[in-house]
Amino acid sequence: MRLALFQPDIPQNVGACIRLSACFGVELHVVEPTGFRFDDRAMKRAALDYGPLSHMTRHADWDAFQRDRPAGRLILFTTRGATPLSDFVFHPDDTLLFGKETSGAPDYVHAAVDARVVIPLRPEARSLNLSVTAGIALWEGLRQTGGIG
């Protein structure tokens with residue numbers, strides 16, 4: 001199981017996902033460009049005391065990510081999702097992909113994934129924060145595949 005962020009806009013979300021990946025022992029992939037300056041100093045600050053960032057891989061763009069990503073299914077979490085999280089069956093080698101905070105994932109990303117999943121919300125709610133969604137999705141994927149604790 002791994003996390004991937006498509007062109008994130010908000011550095012604090014990347015920082016929270018760095019913590020998620022470190023705490024749960026999963027890889028984090030960041031597909032650039034990002035909406036903020038992505039330098040070593042900023043990422044070390046975001047990682048706080050969670051150790052080296054060896055569990056994080058940066059990809060120059062979508063094509064580089066597609067070329068270099070590990071084998072396994074690519075699962076997009078989206079408000080345009082087709083399968084509710086409670087009905088989705090995870091595999092241990094899945095990559096959980098999250099779109100850009102301001103605009104989600106473009107159509108070419110939707111077309112490239114193996115599955116689209118939605119976390120159901122109350123009808124009057126628009127969406128969850130990216131890192132909150134990543135935490136919910138990762139925990140459920142690891143729970144289903146025996147990767148917790």
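Keep in mind that what you see is a predicted model, and the values were worked out from it rather than measured.
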Qualifying residues under side-chain contact (heavy atoms from CB on, under 4.5 Å), relative to Ala115, sequence neighbours excluded:
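Ile75, Phe88.
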For the atom pair [atom1] ([X]) and [atom2] ([Y]), what is the distance rounded to the nearest 0.5 Å?
X: Glu27; Y: His55; atom1: CD; atom2: NE2; result: 10.0 Å
X: Phe36; Y: Ile10; atom1: CZ; atom2: CD1; result: 9.5 Å
X: Gln144; Y: Asp94; atom1: CD; atom2: CG; result: 9.5 Å
X: Leu20; Y: Ile18; atom1: CG; atom2: CD1; result: 10.5 Å
X: Asp61; Y: Glu32; atom1: CG; atom2: CD; result: 9.0 Å
X: Ser21; Y: His29; atom1: OG; atom2: NE2; result: 9.5 Å

Do Val117 and Leu97 belong to the same hydrophobic cluster, where Ile, Leu, Val, Met, Phe, Trp and Tyr are linked whenever their side-chain heavy atoms lie under 4.5 Å apart, directly or via other members?
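Looking at the clustering, Leu97 is in a separate group from Val117.
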Are Leu128 and Leu3 in one and the same hydrophobic cluster, where Ile, Leu, Val, Met, Phe, Trp and Tyr link if side-chain heavy atoms are under 4.5 Å apart?
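Both belong to a single hydrophobic cluster.
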May I ask you to decide whether Arg80 forms a salt bridge with Asp107, counting only side-chain N to carboxylate O separations under 4.0 Å?
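Judged by the 4.0 Å cut-off on N to carboxylate O distance, Arg80 and Asp107 do form a salt bridge.
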Any side-chain donor paired with an acceptor under 3.5 Å for Arg2 and Thr95?
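There is such a pair (donor and acceptor under 3.5 Å, judged by atom type) between the side chains of Arg2 and Thr95.
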Are any non-hydrogen side-chain atoms of [X] and [Y] less than 4.5 angstrom apart?
X: Glu140; Y: Leu85; value: yes
X: Ile119; Y: Thr133; value: yes
X: Phe98; Y: Thr78; value: no
X: Val30; Y: Pro8; value: yes

For Phe65, ring pair (Phe, Tyr, Trp, His ring centres under 6.0 Å) partners two or more places apart
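With neighbours one apart ignored, the set is His59, Trp62.
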Just say parallel, tilted or perpendicular for the rings of Tyr108 and Phe6, cut-offs at 30° and 60°.
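Ring orientation, 0 to 90° scale: perpendicular.
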